[in-house]
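Every value quoted in this text rests on a predicted model; they were computed, and no experiment measured them. For ligands, and for the atoms within them, numbers begin at 1 and follow the listed sequence. All heavy atoms count here, side chains included; hydrogens, waters and symmetry mates do not.
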Amino acid sequence: MQNFVYYNPTRIHFGRGQIAALDGELPRAARVLLLAGGGSIKANGVHAQVRAALGPRPVTEFWGVEANPDYDTLMPAVDIVRREGVEWILAAGGGSVLDGAKFVAAAALFDGDPWDILASRGEAVKAALPIGSVLTLPATGSEANAASVISRRAAKEKLAFITPHVFPRFSVLDPETTFSLPARQIANGAGDAFCHVIEQYLTYPAHASVQDRFAEGVLRTLIEVAPRTLAEPADYDTRADFMWAATTALNGWISVGVPQCWATHMIGHELTALHGIDHARTLAIVLPSLLESERDARRAKLLQYAERVWDIRGGDGDARIDEAIYRTRGFYEALGIKTRLSDYGVEAGPIAAEVARRLAARGMDAFGDRGMITPAKAEQILLAAA
Ligand code: NZQ
Ligand code: ZN
């Protein structure tokens, strides 16, 4: 196991009725900015619960944070925070609203051009306002991590930043708030969480037994509960398992002391920036192709994944790896998530070349766990995902 520092300050309130816990989490007289998306929290009653829990605190509402939250949408919220002396940011919605809150919280206290928060990948951030969240879409893990992904459509950019200053102080996870999710978003959430685990697990052996077993447990849970929660969307227990699986996939528990490879996400973000494909769907396109490309470098872990996650045993190792990659693609397809660029009307040749060009322009000459993914390899991976 590699050396590590473990730090996660987010307090979680999990279960039915937990939105009421907001009252105990926020200071009595706090000036709050409530950040929300396009209206789902109005329709499903979350907004009313939040307002009831906040009681007489002065609250300003900011609506309209879109999927893949945009820099230009969020900057007016930054102005409001500064103008009104907002002290707390409360996000109510999916990962996009939470990520937007993290950006607003950091940008409000940032000295300089707020785009440098993204350009520096978070390193330039020295402080942020406190953030709380009410999560309504299990997927990103943003409710319990220090990451945020912001798009800038005007520049065709989508970049992540990470800084411990934007860990939510608390997050409320009530599975009932997710009952209103359309099937497409449930599938996306499961597909995203699955890939998060893979990118912290499926690299090379690091003698980290707890992290491996934990990661395998989260993967197996997702494989089991994702189709079930799609089929029975109002079953509380299944949805609760799904929700917690998505949080544990990216709250830092399985990443400590192990090599990670975020190349699938890096390449996927380019597909969203260029073609607006849903985040999870970009991962479904890239992941099977990337595993195939890296099958020799990742042989030991692929064999472990085949056996422990998919129960594939016996026979030739190469055949077991073939089967594991086939089942990985099948996991996404069974959720209704297509895994080929052509399924999204995107021609592989031009986009593969453009993504390689953009990665090279950002100086990403060698990324992934051992610097094994180059722009040229990313191009091959996308060509193979045609
Ligand atoms: O805008 P509203 O009306 O709220 O509707 C949303 C949105 O249209 C809807 N929705 C959310 N909760 C709902 C609901 N509809 C009905 N009932 C509910 N309970 O779902 C749609 C998608 O929401 P969004 O927040 O965009 O989805 P998700 O949570 O998948 O977030 C995706 C974003 O997170 C980033 C992605 O890149 C993408 O921008 N990620 C953030 C990460 C992080 N912070 O650690 C890591 C991830 O890898 C990911 O990159
Ligand atoms: Zn993701």
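Take E232 and apply the salt bridge (Lys or Arg N to Asp or Glu O under 4.0 Å) test, not counting sequence neighbours, and it matches no residue. Checked against side chain to side chain contact (heavy atoms under 4.5 Å, CB included), D241 has the following partners two or more places apart in sequence or in another chain: V225.
In this structure, V46 shares a hydrophobic cluster with I19, L22, L26, V32, L34, I41, V50, L54, V59, W63, W88, L90, V134, F170, V172, the cluster being traced through Ile, Leu, Val, Met, Phe, Trp and Tyr side chains under 4.5 angstrom apart.
Under the 4.0 Å criterion applied to side-chain N and carboxylate O atoms, E224 and R228 are assigned as salt-bridge partners. Ion pair R220/D311 flagged as a salt bridge, since at least one NZ, NE, NH1 or NH2 atom sits closer than 4.0 Å to an Asp/Glu carboxylate oxygen.
Annotation for G191 and A280: closest pair C-CB, 4.4 Å, computed over non-hydrogen atoms. Of all non-hydrogen atoms in C261 and G368, the two that sit nearest each other are SG-CA, 3.6 Å.
Only side-chain heavy atoms of H196 come within less than 4.0 Å of ligand 1; its backbone N, CA, C and O stay farther off.
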Chi angles and distances behind the salt bridge (charged side-chain N to carboxylate O under 4.0 Å, His left out) call for E354, R357: CA-CA 5 Å; E354 175 61 7; R357 190 194 65 72; 2.9 Å; yes
Would R362 and E157 satisfy salt bridge (charged side-chain N to carboxylate O under 4.0 Å, His left out), going step by step from the backbone distance to the final call? CA-CA 11 Å; R362 288 211 190 95; E157 291 284 12; 2.5 Å; yes
Please report the C-alpha distance between D174 and R239 in whole Å, then the side-chain angles of each, then the deciding distance to 0.1 Å, and finally whether the salt bridge (charged side-chain N to carboxylate O under 4.0 Å, His left out) criterion is met. CA-CA 10 Å; D174 176 350; R239 187 56 61 86; over 6 Å; no
Verify salt bridge (charged side-chain N to carboxylate O under 4.0 Å, His left out) between K126 and D111, making sure each step is shown before the conclusion. CA-CA 9 Å; K126 301 289 175 259; D111 204 9; over 6 Å; no
Give the intermediate values and the outcome of side chain to side chain donor-acceptor pair (under 3.5 Å) for residues T247 and E143. CA-CA 7 Å; T247 300; E143 65 277 13; 2.6 Å; yes
Residues M364, R358; criterion side-chain contact (heavy atoms from CB on, under 4.5 Å); working and verdict: CA-CA 9 Å; M364 293 172 68; R358 288 161 63 99; over 6 Å; no
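Counting the atoms of ligand 1 from 1 in the order shown, those under 4.0 Å from a heavy atom of K158 are 36 (C), 37 (O), 38 (C), 39 (O). Interface atoms of ligand 1 facing P69, defined by a heavy-atom separation under 4.0 Å, are 39 (O). Atoms of ligand 1 found under 4.0 Å from any heavy atom of D192, numbered from 1 in the order shown, are 47 (C), 48 (O). Ligand-side atoms of ligand 1 in range of A67: 26 (O), range being under 4.0 angstrom from any heavy atom. Remark: ligand 1 atoms within the under-4.0 Å shell around heavy atoms of N68 are 38 (C), 39 (O).
The shortest N/O to N/O separation between G141 and ligand 1 does not fall below 3.5 Å. Annotation: G38 places an N or O atom under 3.5 Å from an N or O atom of ligand 1; distance criterion only. Ligand 1 has a nitrogen or oxygen under 3.5 angstrom from a nitrogen or oxygen of T177. Polar contact with ligand 1: present for D99 (N/O pair, distance under 3.5 Å). For ligand 1, the polar-atom distance check finds an N/O of G95 within less than 3.5 Å of one of the ligand's N/O atoms.
When the heavy atoms of G37, S142, S40 are ranked by distance to atom 10 (N) of ligand 1, first place goes to S40.
For the Zn ion (ligand 2), the set of protein N/O/S atoms nearer than 2.8 Å consists of D192 OD1, H196 NE2, H265 NE2, H279 NE2, ordered by chain and number.
Look at I41 and you'll find every heavy atom at least 4.0 Å from all atoms of ligand 1. Using 4.0 Å as the threshold, G93 has no heavy atom nearer than that to any atom of ligand 1.
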